Amino acid sequence: MGHSAYKLIAVKIGSNVLTRRDGTLDITRMSALVDQVAELHRRGTGVILVSSGAVASGRSELKLSQQLDTVSARQLYSAVGQAKLINRYYELFRDHGIACGQVLTTKENFSTRRHYLNQKHCMEVMLENGVIPVVNENDTVSLTELMFTDNDELSGLIASMMDVQALVILSNIDGVYDGDPSLPGSSLIADIRQVEDAAAYITESRSSLGRGGMATKYRIATKVASEGIAVIIANGKRDNILLDLMDEDAQVPRTLFHPSQESASGVKKWIAHSEGFSKGVIHVNAGAAEAITAPARASLLPVGVTRVEGSFDDGDIVRVVNPEGNVIAWGRIGYDSATALATVGKRDEKPFIHSDYLYID
Ligand SMILES: Nc1ncnc2c1ncn2[C@@H]1O[C@H](COP(=O)(O)OP(=O)(O)O)[C@@H](O)[C@H]1O
Ligand SMILES: N[C@@H](CCC(=O)OP(=O)(O)O)C(=O)O
């Protein structure tokens with residue numbers, strides 16, 4: 001697909017793109033990125049921004065006299081920093097005669113289909129009315145154990161939910177390197193296709209402000225690309241980066257994860273990103289494990305289920321575990337937990353999980 005043909009893209013801007021070395025908000029960089037988003041908007045490409053930077057901008061704003069624990073610091077800094085960040089975006093977009101709006105979300109907002117569709121609707125209304133959504137995690141109220149790994153994970157969920165054609169992840173590095181990027185022998189991998197596996201190259205190192213590092217970017221990028229969405233990792237500190245990425249003739253360094261040709265259904269995409277917030281566990285016997293993972297993809301029937309754990313409602317996401325105790329699939333369950341318990345092992349009952357709603361990793 002020609003890049004200019006993108007109708008809707010998501011752009012994730014990492015903390016370190018928006019902050020200077022001393023931790024202060026880099027307004028010049030922010031302004032340059034907003035100019036490019038505004039230009040794309042004028043050309044008819046819808047843009048959803050996923051912007052980090054709340055904690056970093058709050059931290060540089062406040063001079064505290066006492067030491068704070070991690071949670072207090074995150075809550076305080078993000079409360080102040082997000083206000084500052086969105087205010088900047090608002091003013092910068094207004095200079096272009098464009099309105100932007102704030103979407104603050106948490107992992108729980110993706111955990112039930114109802115919340116998920118509600119959130120999707122909100123962003124659709126914004127886009128239909130020419131408003132640019134600026135998304136971030138609601139760090140002030142997120143529980144530590146239920147947080148997104150980082151905004152890369154959040155941007156993957158948003159890209160998948162909104163059916164964008166491309167997800168651009170802007171970081172402080174040109175893309176994925178085939179070795180430690182700080183070593184002279186390492187070079188940038190320009191293209192990653194589904195069959196290749198570059199995971200071995202990625203180390204745990206990350207920038208001083210980033211949460212997840214390249215490992216989450218890579219994991220998210222391959223998953224999103226497998227859903228038919230192009231994913232580009234590029235350097236947000238490079239001038240004109242966004243417009244150059246959209247221009248096929250511009251030779252700009254980046255890593256492109258080529259999109260799979262098979263696009264997944266809306267429900268399957270939701271399930272694929274839901275592993276972290278499944279509500280229950282369905283243990284299955286060997287026959288059922290084989291049937292649901294076979295290429296023909298059978299539905300999971302009660303007769304193959306040996307045990308059910310957890311409390312869930314009809315329509316929630318559950319994990320499917322084989323007799324060896326490994327998670328082999330996720331799916332949207334067709335029973336609440338009480339009815340599921342009463343139906344375990346029975347014949348001639350409707351599927352626990354219909355094959356359309358089963359996701360095999
Ligand atoms: N193979 C690799 N290729 C590129 N970057 C890598 C690799 N392995 C580790 N990294 C690190 O990942 C960092 C980017 O991730 P992160 O710090 O989370 O950025 P962001 O704040 O933009 O999300 C790079 O600055 C780099 O130090
Ligand atoms: N929600 C946080 C983002 C933290 C985060 O994931 O940062 P990054 O790794 O730079 O994308 C903030 O706005 O500070």
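Whatever order the structure lists them in is the order used to number ligands and atoms, beginning at 1. In this text, all values refer to a predicted model and were calculated from it rather than measured experimentally.
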Checklist entry - Is Val55 touching ligand 2 with its side chain, its backbone, both, or neither, if touching means heavy atoms under 4.0 Å apart? => result both
Checklist entry - Counting only heavy atoms, which portion of Asp139 has something under 4.0 Å from ligand 2: side chain, backbone, both, or neither? => result side chain
Item to check | side-chain contact (heavy atoms from CB on, under 4.5 Å) evaluation trace for Phe352 with Val320 | outcome: CA-CA 10 Å; Phe352 260 46; Val320 181; over 6 Å; no
Is the shortest distance from a Lys or Arg side-chain nitrogen in [X] or [Y] to a carboxylate oxygen in the other one below 4.0 Å?
X: Arg332; Y: Asp356; value: no
X: Asp316; Y: Arg113; value: no
X: Glu349; Y: Lys346; value: no
X: Glu227; Y: Lys268; value: no
X: Arg254; Y: Asp174; value: no
X: Arg114; Y: Asp313; value: no

Next on the checklist: Is there a polar contact, in the sense of an N or O pair closer than 3.5 Å, between Lys217 and ligand 1?
Outcome noted: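 Right, the criterion is met.
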Could a heavy atom of [X] be found less than 4.0 Å from some atom of ligand 2?
X: Gln82; result: no
X: Asp152; result: no
X: Ser78; result: no

Next on the checklist: Does Arg297 form a side-chain hydrogen bond (donor to acceptor under 3.5 Å, both in side chains) with Ser355? I'd like the steps, not just the answer.
Outcome noted: CA-CA 6 Å; Arg297 291 289 154 86; Ser355 59; over 6 Å; no
Next on the checklist: Measuring from non-hydrogen atoms of Asn16 to any atom of ligand 1, is the shortest distance under 4.0 Å?
Outcome noted: yes
Checklist entry - If you measure from each heavy atom of Ser52 to ligand 1, is any distance below 4.0 Å? => result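 False for this residue.
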Next on the checklist: Applying side-chain contact (heavy atoms from CB on, under 4.5 Å) to Leu300 and Val305, what does each step give before you reach the verdict?
Outcome noted: CA-CA 8 Å; Leu300 175 62; Val305 175; 4.2 Å; yes
Item to check | Lys223 charged N/C atom sitting above Phe257 aromatic ring, 6.0 Å / 45° | outcome: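 Lys223 over Phe257 ring: no.
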Checklist entry - With a 4.0 Å heavy-atom cut-off (strictly under), which part of Lys12 contacts ligand 1: side chain, backbone, both or neither? => result side chain
Checklist outcome for this item: Honestly, for Ile169 the part within reach of ligand 1 (heavy atoms, under 4.0 Å) is neither
Contacting atoms of ligand 2, where contact means under 4.0 angstrom from a heavy atom of [X]:
X: Asn136; value: 1 (N), 2 (C), 12 (C), 13 (O)
X: Lys12; value: 8 (P), 11 (O)
X: Asp150; value: 6 (O)

Does any N or O atom in [X] lie less than 3.5 angstrom from one in ligand 2, N or O only?
X: Gly14; result: no
X: Asn16; result: no
X: Glu137; result: no

Checklist entry - Would you find a donor on one side and an acceptor on the other, under 3.5 Å apart, between the side chain of Ser57 and the backbone of Ala54? => result yes
Would you mind running through ligand 1 and noting each atom that sits below 4.0 Å from a heavy atom of [X]?
X: Gly179; result: 1 (N)
X: Gly14; result: 22 (O)
X: Asp152; result: 23 (O)

Checklist entry - Does OH in Tyr89 sit with more than 12 non-hydrogen atoms of other residues, nucleotides or ligands closer than 6.0 Å? => result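 More than 12 within 6.0 Å, yes.
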Next on the checklist: Heavy atom to atom 4 (C) of ligand 1, shortest distance: which of Ala56, Ser171, Gly175 holds it?
Outcome noted: Gly175
